[in-house]
Visitor: 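What follows is a single structure, and I will ask about it in a moment.
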Amino acid sequence: STIRCDVLVIGAGAAGLMTAITAGQRGRHVQVIDHANKIGKKILMSGGGRCNFTNTGTTPANFLSANPHFCKSALARYSPYHFIEMVERHGIAYHEKELGQLFCDVSSKQIVKMLVDECQQAGVQIRTQCSVERIEHGTDGFRVHTTHGLFHCASLVVATGGLSIPSLGATGFGYEIARQFGHQVLPTRAGLVPLTLSGTHQERLAELSGVALPVEASSNGTRFRNFMLLTHRGVSGPAILQISSFWQPGDALSLDLLPGQDAAEWLRQMKRERPAAELRTVLGDVLPKRLAQRLCEHWLPDRPVRQLDEPDLRKAAQVLSAFPLVASGTEGYRTAEVTLGGVDTNEVSSSTLESKRVPGLHFVGEVLDVTGWLGGYNFQWAWASGHAAGGVV
Ligand code: FAD
């Protein structure tokens, strides 16, 4: 038996559910299918279980894409405040953590429940454990063969997300659909992901696993100031996750270990004020002690500061302000929060998210080559792109 609908959404994640709600509210008959046993798994896992559901400071500059203009239209028409309005209407308490990041006070489950309730009110039907076998396209729309039977729809919305965290249901299926219909898929790679170290850096820093400190991480002209965490395999924490999206193997990556301070000036001051103290001792007052010690064993002169002449001092300042971290790679999709690259936006309308190749085919959310920074931007893109597509399908 054929299930007829106006709109079939593949993927019951953030973007798919927002598309469905928006289209359903317009009176469209919407079906949502997902191969996972539960909807919104990434929403549930996000923000340490509290879902950083948006960022009040969202601008197009917070996204990476081969076409940085693409995200502007959808973001402009669905702002963080539109989503906040829905959150408040559902009585969900939230707070700002830092830098405009909004989190639920209680649980990310509330966001999933809100989306499900909105779907119900809009008459949207959701089916889990439903896998797509084949998609055909003709003049009368799309025929989607699935494990739950044949769906016949006028509009097909691909909301299958990226490759990050396969154990949460991520697949490259959206890219396959894109290719089937002649779309380009730009190379994908893990983003917002811990970095691994190799060689001497791995050997010298692995023992410091658990040490955290504020740094400014920079690579390829981009810099982020936030915390870094040393791990058994490498480095993590928000500063590293942010810079990981801008770094690729072989690229230089440097850390300012005294962010906001002039390291040379500080060293000169220490030389004046505490000439007899060992460098590791004075450094131990501004850096985690174990890190200060390790730096002085391998990268910095292990002597009283009065023995540092001006060239020594400048060399030491260089190590502290631009520590060259030798990263070998990333932890990969297993732990990455997002996938960079994806469906080429040049072949998709920025206002309707409709394919320029196949009328009625839409791509929303992370499957597209639009990737936000860490901090709620990725959900805001999912909501905004879903809202834009839902308004026209
Ligand atoms: P998804 O939410 O991934 O949804 C895709 C859906 O498609 C899934 O339900 C999946 O099961 C389904 N699907 C996949 N393949 C198929 C298939 N073959 N057939 C049928 N269905 C399929 N972003 C933030 O803004 N704030 C955060 O706090 C945050 N925390 C995160 C924490 C973690 C651990 C991770 C992994 C990501 C986090 N992100 C966060 C990123 C954010 O979750 C994603 O960018 C966002 O979920 C993308 O929305 P989407 O709807 O495009 O894809």
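Here the structure is a predicted model, which is why all the values come from computation and not from measurement. Both counts, for ligands and for their atoms, begin at 1 and track the order of listing. FYI, side chains are in, hydrogens and waters are out, and symmetry mates aren't considered; it's all heavy atoms of this structure.
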Visitor: Does the separation of the ring centres of Tyr377 and Trp381 fall below 6.0 angstrom?
Guide: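 Ring centres of Trp381 and Tyr377 not closer than 6.0 Å.
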Visitor: Within the 4.5 Å heavy-atom criterion, are Val215 and Phe323 side-chain neighbours or not?
Guide: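 When only atoms from C-beta onward are counted, Phe323 and Val215 do not touch, as no gap falls below 4.5 Å.
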Visitor: List, by chain and then residue number, the residues other than Leu186 in its hydrophobic cluster (Ile/Leu/Val/Met/Phe/Trp/Tyr, side-chain heavy atoms under 4.5 Å); write none if there are no others.
Guide: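 Answer for Leu186: none, a lone residue.
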Visitor: So His82 and His387, would you call those rings parallel, tilted or perpendicular, with 30° and 60° as cut-offs?
Guide: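 Taking His387 first and then His82, their aromatic rings lie parallel (interplane angle under 30°).
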Visitor: Listing by chain and number, which residues have a heavy atom under 4.0 Å from ligand 1?
Guide: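 Residues Ile10, Gly11, Ala12, Gly13, Ala14, Ala15, Asp34, His35, Ala36, Lys42, Ser46, Gly47, Asn52, Ala159, Thr160, Gly161, Ile165, Gly169, Thr171, Phe173, Ala336, Glu337, Gly365, Glu366, Gly376, Tyr377, Asn378, Phe379, Ala382 each place a heavy atom under 4.0 Å from ligand 1, listed by chain and number.
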Visitor: Taking the inter-plane angle between the rings of Phe142 and Phe181 on a 0 to 90° scale, is it parallel (under 30°), tilted (30 to 60°) or perpendicular (over 60°)?
Guide: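 Because their plane-to-plane angle is over 60°, the rings of Phe142 and Phe181 count as perpendicular.
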Visitor: For residues Asn52 and Ser46, determine if any side-chain heavy atom of one lies less than 4.5 Å from a side-chain heavy atom of the other.
Guide: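 No - every pair of side-chain heavy atoms lies 4.5 Å or more apart.
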